[in-house]
Every structure is written in C-alpha cells, then in structure tokens.
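Inspection log for the structure reproduced underneath, given as structure tokens.
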Amino acid sequence: MTSIRDLLSSSPDGRTLTVKGWIRTKREAKNAVFLELNDGSCMANLQCVLDAASGLSETLRAELVRCGTGASAAVTGTLVASPAAGQAVELKVSGLEVIGEAPAESYPLQKKNHSLEFLREIAHLRARTNTFGAVARMRNQMAYAIHSFFQERGFQWVHTPVITASDCEGAGAMFQVTTLDLDALARAGKPVDYAKDFFDKKAYLTVSGQLNVETYCMALSRVYTFGPTFRAENSNTTRHLAEFWMIEPELAFAELEDNIALAEDFLKHLFAWALDKCAEDLAFFDKRIQSGIVDTLSSVVKSKFARMTYTEAVKELEKHASEFEFKPYWGCDLQSEHEKYLTEKVVGGPVAVTDYPKEIKAFYMRLNPDGKTVRAMDVLVPRLGEIIGGSEREYRHDVLLARIRELGLPEEAYSWYLDLRRFGTAPHCGFGLGFERLLMYVTGMQNIRDVIPFPRAVHQADF
RNA sequence: UCCCCUGUAGCUCAGUUGGCAGAGCAAGUGGCUGUUAACCACUGGGUCCGUGGUUCAAAUCCGCGCGGGGGAGCCA
C-alpha cells in the first residue's frame, strides 16, 4: 500500500489506486466534494475530489454521509494534477468505502484548534491531530538518528536492566517492584519479609543505566544505552516525568575533551537530521508552536561549541550579578537563569561548562589535581540551558574508594563498580541526555507530557 | 512538597455591584462556480466541577473536596 507521503511527491500519471486513511475534513461545494485524507505518514493530507456536477451515485452519496471528521476510509481514484493551488496532486475519486465511522456528536476531535490540555485528556486520540502526529514523527526520527549516530561511530547498544536490586544507583527516588501480596500481609498483620520476595530482596525500577553500562564500556570500549528509566520523585513540572527515556553513551580510553567533542557531534547530528528528515513538521512547529525553532536548530548545527570552566563561568556571572534572582558565587549550583545567560548572552551559542566543584556533582566523577573540582561537563544551549550532563569517570580505585567513604555511601553495594577499577581500569567518560527533553528542544513543545505518547507523572497513569 | 491561577454549551472563553445563561468555533439543515481552518443564512445544544453555608435571590460571596494549568525545589 502506498503511503500518502509517497503519493504527494509522485507524478500525477493518472494511475488508479486505493488509498486508506482517516478523514480530516469534508468540504462540499455545488459541483465538487473535497475530502482531506491523512494516514500519518506525513503532515499533509491527500485531497480527494468527488465530481458532483453531473450528480453523485446513490452509493457514493450514502458513503459521503458517513464520512465525517475522524472516519476511516478507503478511497479509490486516479492520481491527477490538481487544478487548484495548495497541492500538486489530488485523487479524482471513483469509489469510496467508509471503514469505520466517527459520529460527530460523540467524536471528541473537531476540525478546529483544541488546547493541548484538552488533548491530554484524550491521549488515545490525540495522535490524529497535526501537532501530535508531528511530534510522533519527530520522536521516531530522533530515535533513529540516535542509533544511526552511534552505530556509524562503532558504539554498541547495551541493554541495561529495567529492574534492579542494586541500591547504588542513587539518582533519585525509586519505584519498588514486588510480587508479595502486600494487601494480604497487611490484613493478616504480618510484617513484610523481602527475603521471600521474587528476587529475595527489595527490587526497583532503574533510575539510570550508567553504572551498568560502564561495565560494558570496560569490555566493548564504545557503548550506549537508550531505554526507559523511572523516577518516583514527587515533582509536578513541565519538565519531569515518572517514566522517561534516556540516552547514555560511554567511551573508554577517553578523556573529558573527547566527551565534549562527542556531545557536540551528537547534538549537531540530531538537529541536522531533524532539519533534513522532518522539514515539513518543523515548519509546522515554527509556525504554530515555537516561532524561530528552525533558526535555533540551524544555528546550533553551524556553531562551534565554546568551552568554559565553571570557575570562568562564575566570574562572568558575578559581573552581572544584579540581573539574577539567585546571586552566583563559586560553589553554587548554576541555576537555570545562569545557564541561559551563559549560552545566550556571554557566548551567544552552545557552550560546554567543565570542572565543577565536587560538592555539587556525583561521587563517580574524576577528581582534578586541585582536589576541589571534578571533570564534569554540562552542555548548555540557547533557549533551554542544560541539555547534556556528563563527566570523565574516576578510574583510580583508591581515589574512588576514598570518595565513596567520604560521602558515607554503602561501600559493599559498590563492590562490583569498584571491581572495574581493580581489574584493567581505564580512563573513560560519558554523558546522559533525556530523550523527552531533547524532543522538547527540537519541537518547541513547552510541556514534556506532550512529547511522549502516554505520559506517566504524579497522579497520572491513564491509558 | 510549597506558592499562585483556574473550573460556565462538544471546544475556546465572556458573564459588571449578587437580580431571567451569552459569544465565537464545532454540530444539524438549507444555500453557494474547485474548495483547502471554505464561505453565507438559519436551527438545536447547559447538573455554571461537587458539596455545605450566607442571602428574598448565588455562575458570581464564604468553607471543604475533586480536577486542570503555571512557577519553585529536585533533576533528565
């Protein structure tokens, strides 16, 4: 079956074909009826024209009545050049079969604009709108681009576990996984004994695959994860989900500068891919969702990412302290307003900020010789701020162990992670990117719940 | 978790000092020279989120509950 996307770019050679999809609108004039058919292969509809000048057949008229917005239909006709502006080709209809009706009095979608809030309540139908169709196509293309980027560079995709009984992930509140009948235990007044649970101990959904993927990095050299992660944080914002997808590359025998270079190539690859493969959808986002999005992406693709240490960044910010709600000082965690200022005002383009104070970064980051900072990096981009966070990892066993003890972390839980430093250790680094945050950036969508098909958040797990 | 805003027709919203429930779009019907968010005319359409209170009278004021949105913190 030929997709509408292919048909719209093919020549109007008069061949007869049947096209299936969903009716977006029906317009009836005296001498012609116009149906807009969409199959999700692209944003544009196929215009199907019924010649009514000499009267329509009983059969066609009966089908037309059932052919409202939202109905699925098989339309047969010949592909011809369109005499009117607006589309190059159209289907001259000879046969019409409604497959499934969508009664106007009960079908929630109308041929008018709906609010994103309303569409969130009908997440099972919202993919039929222009906006969510475009988001879905972009999400697909970005997933493809992520794999193509890494595969072309010899990175191997590692499937880190979704369920983990490891209590050393430490990236946020976790969802517990159990097969114990907690209701029955509570009714019987019995204590919960996790030694009797499925894994003989407490288990959770993963919050990050990074520590796991590091083990494969120390064998396969260049690896990445791309899969769902889960955070049980009670955060209700436009930027957080309880279930989201994350990309985490890790490369061996590499240092922070290699990491920054990889991140720069990565983002440029993704944005160039979006501009190339999703031009029609991006034009829509630019017009209806976020004006200037195409220019923003293009400028990042053409840019050279700047480098700046945290210490330099704070010095710059201190010069303009009066412009911030939170006054910057050495040792503070950079606020969103600081990050945006650095990339938009100080640099005027993407910038990688490195060497943060160890107190505000994770235990596994490589300690610098100054003993105060670690080899961390955040990539900041205009209009958003931080898009990527990563670091060179601490690969020296004694230093990592000391750091774990200094922070009072459970040493035994990290035994396997420390083993990577006991046996054949090597400098390595990596970064993490939230897939939905990336999608917000490339689509201009303002709420993270609108770039994933079925958002899971606090008090929200419908559909 | 904290702070702010909000809930009225299928959708988006207006509703003045408390005094008969409104508009646009959508839908239905009719019209219209091939339209493209078609256009024009007419018609139908309401548990004013729920609950309790104040009042002669509540969409409007007050309490509680529920839903939605935004911001902060946390972070990806």
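Residue numbering restarts at 1 for every chain, and letters A, B, ... go by the order of the sequence lines.
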query: Can you give one letter per nucleotide of nucleotides 39-47 of chain B, 5' to 3': B if a protein heavy atom sits under 4.0 Å from the base, S if only from the sugar-phosphate, - if neither?
result: ---------
query: Taking for each residue the nucleotide of RNA chain B bearing the nearest heavy atom, is the 5' side occupied by A:Phe34 or by A:Lys112?
result: A:Lys112
Enumerate donor-acceptor pairs with a distance under 3.5 Å from any side-chain N or O in residues 117-125 of chain A to protein atoms, sequence neighbours excluded.
{"from": "A:Arg120", "atom 1": "NE", "to": "A:Asp450", "atom 2": "OD1", "distance (Å)": "2.9"}
{"from": "A:Arg120", "atom 1": "NH2", "to": "A:Asp450", "atom 2": "OD2", "distance (Å)": "2.7"}

query: Taking CZ from A:Phe118 and C1' from B:A9, how many angstroms apart are they, rounded to a whole number?
result: 13 Å
query: If pairing requires Watson-Crick or G-U wobble contacts with both distances under 3.5 Å, which nucleotide is the partner of B:C56?
result: B:G19
field: A:Glu233 CD - B:C2 C1' separation (whole Å)
entry: 15 Å
task: Calculate the interatomic distance between A:Arg27 atom CZ and B:U35 atom C1'; express it in whole Å.
output: 5 Å
statement: Between A:Pro108 and A:Glu90, whichever has its closest RNA chain B nucleotide further toward 5' is A:Pro108
Strictly under 3.5 Å: I want the nitrogen or oxygen pairs between protein and nucleotides 64-73 of chain B, one per line.
{"from": "B:G69", "atom 1": "OP1", "to": "A:Arg120", "atom 2": "NH1", "distance (Å)": "2.8"}
{"from": "B:G70", "atom 1": "OP1", "to": "A:Asn447", "atom 2": "ND2", "distance (Å)": "3.1"}
{"from": "B:G70", "atom 1": "OP2", "to": "A:Asn447", "atom 2": "ND2", "distance (Å)": "3.4"}
{"from": "B:G71", "atom 1": "OP2", "to": "A:Thr238", "atom 2": "OG1", "distance (Å)": "3.3"}
{"from": "B:G73", "atom 1": "OP1", "to": "A:Gln335", "atom 2": "OE1", "distance (Å)": "2.8"}
{"from": "B:G73", "atom 1": "N2", "to": "A:Asn234", "atom 2": "O", "distance (Å)": "3.3"}

query: With sugar-phosphate meaning primed atoms plus P, OP1 and OP2, does A:Ala104 contact a base, only sugar-phosphate, or nothing at under 4.0 Å between heavy atoms?
result: sugar-phosphate
- request: Nearest whole angstrom, please: distance from the C1' of B:C25 to the NE2 of A:His114.
  value: 10 Å
query: Side chains of A:Tyr441 and A:Gln290: do they bring a donor and an acceptor to under 3.5 Å?
result: no
- prompt: Does any N or O in the side chain of A:Arg153 come within less than 3.5 Å of the main-chain N or O of A:Phe149, such that one atom is a donor and the other an acceptor?
  reply: yes
- prompt: Would you say the side chain of A:Phe284 lies within less than 4.5 Å of the side chain of A:Thr443, judging by non-hydrogen atoms?
  reply: no
